[in-house]
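Reading through the structure tokens given below for one structure.
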Amino acid sequence: MEVARFWRTNKQRYQLVGEECPHCQAKIFPPRDVCPSCEKEAKVPYVFSGKGEVFSFSTLHQAPAGFERYAPYTVALVKLSEGPMVTAQLTDVDAGDVKIGMPVEMVTRVLREDGERGMLVYGYKFRPSN
Amino acid sequence: MRDVSIIGIGQTVVGEHWDKSLRELGYYALASAMKDAKLERIDALYVGNAHSGALSNQENVGAMIADFAGLRGVEALKIEAAGASAAAAMRMGYIAVAGGLCDFVACVGVEKMTDQQPSTQEMALAMAGDGDYEAMQGLTTVSLNALLMRRYMHEHGYGKGDFAHFAVNAHANAVNNPFAMYRMNISPKQFAEAKPLSDPISMFDSSPVADGAACVILAPSALAKEFTDRPVRVRASAVATDTIGLHDRRDLLALDAAAWSAQKAYASAGIGPDDIDLFELHDGFTIMSALSLEAAGFAARGRGVGLALDGEIRLGGRIPITTMGGMKARGNPAGASGLYQIVEAALQLRGEAGANQVANARLAMTQNIGGSGATVITSILEGETWK
């Protein structure tokens with residue numbers, strides 16, 4: 001049980017809240033406080049649109065502990081329309097229909113569970129969009 | 001700075017050692033290397049290990065191995081850098097000897113992985129990536145490498161079967177390595193029919209989880225000849241890092257840290273890739289071999305797989321890799337693998353690689369990667385017998 005750890009990143013997992021660099025206007029996700037473009041401090045919150053496209057993807061069969069009941073599932077690198085890349089699962093799509101370049105949008109889903117009586121962790125996944 | 005040489009090497013067979021514990025494996029490799037160096041005491045012990053906490057419920061592994069080896073009182077520390085832990089232990093030893101703080105240092109890499117179920121192993125391995133933004137989403141090490149491989153195939157136009165040659169070559173070389181886990185050949189057809197793990201990665205793209213330990217003894221080069229007639233000089237040792245998460249990379253298909261650490265090593269040794277006689281690269285997955293060859297300057301961008309297709313990675317090719325089986329076929333005990341690479345390179349430079357001997361090998365490079373390219377440690381070694 002790691003309640004505080006999950007709570008700490010709620011804004012990121014529920015709303016894709018990243019940062020905008022006040023110096024060079026780079027959009028940053030996940031938040032990292034130091035801008036990767038200009039290396040100055042960047043702590044201004046920025047809410048991403050949740051729109052993007054599939055940059056790469058894979059369907060995995062051997063899941064790590066906590067995710068066993070969901071396997072097989074498809075994971076992807078999604079290039080957000082504002083620029084950054086995000087690592088996430090794809091949902092509401094057959095594995096065989098996923099293509100590089102496919103437009104996707106963020107939705108909120110259950111990510112994992114901590115055992116039968118444990119906490120459910122919700123977060124972003126991405127589904128095909130038009 | 002003093003010149004540093006390897007005066008002793010030791011390794012255990014890689015495999016599923018159900019009857020041996022973490023401490024026993026570490027001790028066997030250490031004792032074997034000390035015997036090889038005819039050494040009875042050391043000044044320090046650096047133990048590379050990636051997963052003892054998650055897979056063996058044991059930390060403080062430096063003290064544990066020193067204790068078990070009867071070296072009570074000695075300086076002993078565990079060094080962790082995920083899959084690059086063993087090379088990181090070697091790096092610590094190099095710093096200590098080169099800097100004049102210690103004369104005789106043992107660098108051990110040890111990993112005990114097979115006590116746990118596959119789902120626990122996957123969870124432990126995924127700790128090498130970004131815990132909050134990769135592992136939290138259900139990503140595994142295999143699937144992160146699959147994302148790299150899919151994009152590489154997309155950008156450079158290769159088919160999955162084109163990656164077979166990395167695995168076929170590794171297995172062919174492991175046949176002659178008595179310490180290897182899988183001493184049998186595989187065919188491109190077997191590669192093509194292997195079980196998918198996380199497409200496009202299948203079982204034969206991926207190196208096997210295993211138990212094992214390897215060790216080298218470092219000493220000032222000026223003292224090396226007192227202990228061995230075949231010292232191996234450490235010509236360069238270099239570390240570089242990149243973003244912990246794949247999503248934050250400047251360029252997904254450029255292993256920047258691998259390029260930077262190789263460039264630092266070349267500059268420090270005053271040589272270039274054309275001077276290297278063999279390259280023990282990080283073949284945890286076939287895609288990592290391709291990207292490593294490109295980052296270290298042996299192939300242009302997108303040509304790493306082409307080098308394998310052309311047969312140039314085999315013994316006798318332009319740049320032989322994984323000459324004793326690599327992680328794919330020798331086996332990949334994660335936090336020990338970097339020292340297996342160094343022990344195998346030393347065997348080549350001592351002229352003791354048997355049927356797999358690279359003719360006239362003088363300069364060998366090893367490169368050990370932690371995470372999907374986040375920590376990269378490059379060493380360049382030179383055999384002193386051939387001078």
Side-chain angles (χ1 to χ4, degrees), chain A residues 2 5-6 8-9 12-13 16 18 28-32 36-37 52 54-80 83-91 95-96 98-101 109-113 121-126, chain B residues 54-55 116-155 160 195-203 205-206 209 242-253 285 287 372:
Chain A
E2 305 166 88
R5 181 186 169 204
F6 297 132
R8 215 161 46 232
T9 51
Q12 283 70 50
R13 280 181 293 106
L16 278 180
I28 304 164
F29 191 89
R32 46 173 48 245
S37 300
V54 172
F55 190 78
S56 192
F57 64 95
S58 174
T59 301
L60 73 92
H61 300 269
Q62 177 70 57
F67 294 87
E68 293 103 323
R69 63 173 285 195
Y70 307 106
Y73 51 87
T74 300
V75 299
L77 281 168
V78 172
K79 189 158 179 56
L80 298 172
M85 199 93 80
V86 58
T87 304
Q89 289 185 31
L90 299 182
T91 187
V98 181
K99 301 266 183 298
I100 287 178
R109 294 283 189 273
V110 173
L111 288 183
R112 58 169 289 173
E113 55 180 24
V121 180
Y122 288 85
Y124 49 77
K125 293 188 182 182
F126 286 79
Chain B
L55 297 180
Q116 300 292 340
Q117 296 296 315
S119 63
T120 308
Q121 293 168 351
E122 294 288 357
M123 184 190 67
L125 288 165
M127 291 180 187
D130 187 325
D132 285 346
Y133 293 97
E134 290 178 334
M136 180 77 85
Q137 301 295 325
L139 275 282
T140 58
T141 298
V142 183
S143 57
L144 288 168
N145 279 272
L147 294 173
L148 287 172
M149 185 168 169
R150 167 96 61 198
R151 188 69 199 184
Y152 187 95
M153 291 164 63
H154 175 79
E155 285 193 19
K160 183 175 156 35
K195 184 178 82 164
L197 298 179
S198 189
D199 63 318
I201 287 181
S202 64
M203 203 173 68
D205 289 286
S206 171
V209 159
D242 200 349
T243 63
I244 186 88
L246 269 189
H247 46 256
D248 283 325
R249 294 288 156 82
R250 173 191 66 84
D251 174 349
L252 188 70
L253 296 182
F285 297 91
I287 181 64
S372 306

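Keep in mind that the numbers below use all heavy atoms, side chains included, and drop hydrogens, waters and symmetry copies. Just so we're on the same page: letters track the sequence lines, and every chain starts at 1.
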For chain A, which candidate among [options] shows the most heavy-atom pairs at distances under 4.5 Å?
options                                : answer
B/Asp130, B/Thr120, B/Asp132           : B/Asp132
B/Arg150, B/Met123, B/Gln117, B/Met136 : B/Arg150
B/Glu122, B/Gln137, B/Met149, B/Arg250 : B/Gln137

Less than 4.5 Å to any heavy atom of chain A: does that hold for the side chain of [X], its backbone, both, or neither?
X        : value
B/Leu252 : side chain
B/Glu155 : side chain
B/Ala135 : backbone
B/Leu147 : both

Any [X] side-chain heavy atom under 4.5 Å of [Y] side chain:
X        : Y        : value
B/Val209 : B/Leu125 : yes
A/Gln62  : B/Val142 : no
B/Phe285 : B/Ile201 : yes
A/Phe6   : A/Tyr122 : no

Just say parallel, tilted or perpendicular for the rings of A/Tyr73 and A/Phe67, cut-offs at 30° and 60°.
->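 The arrangement is tilted - the two ring planes meet at 30° to 60°.
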
Which distance, rounded to the nearest 0.5 Å, do you find between the CE of A/Met85 and the CG of A/Leu77?
->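 A/Met85 CE to A/Leu77 CG: 5.5 Å, rounded to 0.5 Å.
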
Options [options], ranked by heavy-atom pairs under 4.5 Å with chain B, top entry:
options                            : value
A/Leu111, A/Ile100, A/Thr74        : A/Ile100
A/Val86, A/Leu60, A/Thr87          : A/Thr87
A/Pro36, A/Pro64, A/Ala63, A/Ala88 : A/Pro64

Interface moiety of [X] toward chain B, non-hydrogen atoms closer than 4.5 Å:
X       : value
A/Thr59 : both
A/Arg32 : side chain
A/Ala71 : neither

Would you say B/Thr140's side chain and B/Ser143's backbone share a donor-acceptor pair under 3.5 angstrom?
->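 Side chain of B/Thr140 to backbone of B/Ser143, a donor-acceptor pair under 3.5 Å: yes, one is there.
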
Identify whether NZ of Lys or CZ of Arg in B/Arg151 sits under 6.0 Å from the centre of the six-membered ring of A/Phe55 and within 45° of that ring's axis.
->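 Cation-pi check for B/Arg151 and A/Phe55: passes.
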
Are B/Ser198 and A/Ser58 close enough that a side-chain donor and a side-chain acceptor fall under 3.5 Å?
->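 There is such a pair (donor and acceptor under 3.5 Å, judged by atom type) between the side chains of B/Ser198 and A/Ser58.
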
